[in-house]
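Lettering of chains follows the sequences in order, A, B, ..., and the numbering in each one begins at 1. Computed from a predicted model, the values in this text were never measured in an experiment.
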2 protein chains.
Amino acid sequence: MDQNKVISYYSDRPKILVAVDCIIFGFDEGELKLLLMKKQMGSKIGEWSLIGSFIDPAEDLNDGAKRVLKECTGLSDVYLEQSYSYGIVDRVPGDRVISIGYYALIRIDDHDKETVKEFGAEWFKFNSRPALIFDHDKMVSDAVNKLKRKTRNQSLGFELLPEKFTIPQLRQFFEEIYQISIDKRNFRKKILYMDILKKLEEKDKANSKKGAFLYSFDREKYESNPDLKALF
Amino acid sequence: MDQNKVISYYSDRPKILVAVDCIIFGFDEGELKLLLMKKQMGSKIGEWSLIGSFIDPAEDLNDGAKRVLKECTGLSDVYLEQSYSYGIVDRVPGDRVISIGYYALIRIDDHDKETVKEFGAEWFKFNSRPALIFDHDKMVSDAVNKLKRKTRNQSLGFELLPEKFTIPQLRQFFEEIYQISIDKRNFRKKILYMDILKKLEEKDKANSKKGAFLYSFDREKYESNPDLKALF
DNA sequence: ACAAAAGTGTTACGTGTACACCCATGA
DNA sequence: TCATGGGTGTACACGTAACACTTTTGT
């Protein structure tokens, strides 16, 4: 028996269309945002949808999601994670398409606004986004739930914020994601106690005359103490 | 424009084989167990593998996973949840197969031992399971991580335990899943305080002369207080 | 009578939460 | 000088963790 030869055993089995859809989050002007586009082909042309693509048989799932992200934002080094797979037979009318959802977190400042525009994509405030085609609304809500869990247990929030941010900004970020209000004294106390922020010498005076000190996320310190559980 | 007609738009796109693989957990004799089978077709015949199947284009993903579970255990009303999707191009040598992992929790007492035997499946202690084919070991470790998280935040443990169980058994269950030891006084105090267990009049004398009272999970009470976070 | 597991309470400590005032600055 | 957001400290309540002895009963 030739154990090392690689043969196809399943070439006769029925195959299925596989797609990835990206739930792309951003954070800007104190609000959670979502990148969407108008559907340009197939059914439901002109309606709003997540940004996705079919997967080529020669392409890894993850690579497919990265490709989509690169195509529509120009970015390639962003936080990207698989969220959930959607496999109801008639989720896309007329074709059997399984879709794997990926959610991405990007700093809105960083990305290439031209690419987005050319691509026909648009940023929406999360709380006033349009209804989406197919099961994409479900995909979004699943992804935002993962985002909530992850921003709480891991350092994920920092992927959405700019490199330099103030503590009030960071607090606002959590307040927005969770739709709650957080005591500013306790928040500052805890986040500084965690010792995962680097205080910079600069101040950001965009929001007040006094100005708030800027901080940056200290990834090294974080690695040795990855527990953000009790922030609020 | 005929908006209601359902047409196939993507029939020319390349398709991919899609499979589901089930990570089936049980709990018995104080130990976490895993149901595995010897591969019977394709490559790697005779090596241990998760129990899976290809998905038919006319079958929902979830239904495929349910079908697999029914075929190998005879059970259809069990806890079953999607865990993660695996899509590296060469994960299965010779064919492009995307696999969606599902993990199931079953009460070992309940299931049909004959069906399992006929199917060629076998229960392994989690800690002394054999190496698995392809990326199935990764699938198992991803699933057990989800299991840990879920048994902590939700009531999931009760899906693995028998209908009636003692408090020492329940504690042993958590100790096994997390590989830690838990103070029995504190554990009892907390779990009873949560008020999600019904105390029965029977005792289980299997493990001691004195006997331990049996309890059952009170799903109704749980629904109104689904917070198990602080058990240990 | 003894071995083996079940069952029970109290205390010390740390963490979370609530809360009000001063500071710096630009207009 | 005043309006605005930034920044600070303390007291109390609560939950967690540590810990040792008694009870029951089959052999």
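The interatomic distance linking N186(A) (CG) with dA13(D) (P) rounds to 16 Å, in whole Å. Here the P atom of nucleotide dC19(D) and the CD1 atom of I182(B) are 17 Å apart, to the nearest Å. If you measure from atom CD1 of I167(A) to atom P of dT8(D), you get 8 Å, rounded to the nearest angstrom. As a whole-Å value, the separation of K189(A) NZ from dG14(C) P is 16 Å. To the nearest angstrom, C1' of dG7(D) lies 21 Å from OH of Y193(A). Protein atom CD of Q172(A) is 12 Å distant from nucleotide atom C1' of dG5(D), rounded to whole Å. As rounded to whole Å, 13 Å separates atom C1' of dA5(C) from atom CD of Q169(B). As rounded to whole Å, 16 Å separates atom P of dA18(D) from atom NZ of K184(B).
By the 30° and 60° cut-offs, the orientation of the rings of Y103(B) relative to Y79(B) is tilted. Between F174(B) and Y178(B), the two ring planes are parallel [angle under 30°; tilted spans 30° to 60°]. Ring pair F158(A)/F217(A) is parallel by interplanar angle, where below 30° counts as parallel and above 60° as perpendicular.
In this structure, the side chain of D137(B) engages the main chain of L132(B) through a donor-acceptor pair within 3.5 Å.
For K210(B) against dA6(C), a side-chain N or O and a base N or O form a donor-acceptor pair under 3.5 Å.
For R188(A), a side-chain nitrogen or oxygen approaches OP1 or OP2 of dG7(D) to under 4.0 Å.
Each of G211(A) and K209(B) lies near DNA chain C, and the nucleotide nearest K209(B) is the one positioned closer to the 5' end.
The cationic group of R129(A) lies under 6.0 Å from the six-membered ring centre of F126(A) and within 45° of the ring axis, placing it in a cation-pi geometry.
With salt bridges taken as basic N to acidic carboxylate O contacts below 4.0 Å, none links D142(A) and K146(A).
The stretch residues 199-208 of chain A touches DNA chain D through N207(A), S208(A), each having a heavy atom within less than 4.0 Å of the strand.
Heavy atoms from other residues, nucleotides or ligands lying under 6.0 Å from NZ of K203(B) number more than 12.
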